[in-house]
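This report concerns only the one structure given below.
Computed from heavy atoms alone, side chains included, the values below leave out hydrogens, waters and symmetry copies.
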Amino acid sequence: MGLVADAHVQGLEVFVYGFANDVSDSYNYSYDRTIEYLQFVDNSEFSIDGVLSDFPSTASESIDI
């Protein structure tokens, strides 16, 4: 199991932080920030419980899809 799954087994919630709107940081996601957020929120292997972001409009827009 991974870190997120282990935390959920213990009854803990997992929130992530560190997403940025910098173009150079999202190259693995074809420069699409919404894909990066969704990789953590809607993933077949794990799903985090929430996102803390300095860019709330990007996070909200991504999860609202």
Side-chain angles (χ1 to χ4, degrees):
M1 283 210 281
L3 178 67
V4 175
D6 289 344
H8 285 156
V9 167
Q10 296 297 318
L12 301 171
E13 293 181 338
V14 178
F15 291 81
V16 297
Y17 176 79
F19 295 100
N21 282 1
D22 301 336
V23 173
S24 61
D25 286 344
S26 60
Y27 69 91
N28 285 338
Y29 303 98
S30 301
Y31 301 104
D32 185 346
R33 292 170 201 92
T34 59
I35 294 172
E36 183 177 8
Y37 277 95
L38 291 175
Q39 178 66 31
F40 289 88
V41 175
D42 187 20
N43 184 322
S44 63
E45 295 178 29
F46 66 89
S47 182
I48 60 168
D49 298 297
V51 174
L52 304 171
S53 176
D54 291 334
F55 306 95
S57 59
T58 304
S60 178
E61 186 178 302
S62 300
I63 295 171
D64 212 23
I65 292 176

Check your understanding: Just how far is it from atom CD1 of Ile48 to atom CG of Leu3, taken to the nearest 0.5 Å?
Key -> 11.5 Å
Review point. Can you list every side chain to side chain donor-acceptor pair (under 3.5 Å) pair that touches residues 7-20, not counting sequence neighbours?
Key: His8-Asp49, Tyr17-Asp54
Review point. Between Ala7 and Val14, which heavy-atom pair has the shortest distance, and what is it?
Key: CB-CG2, 3.6 Å
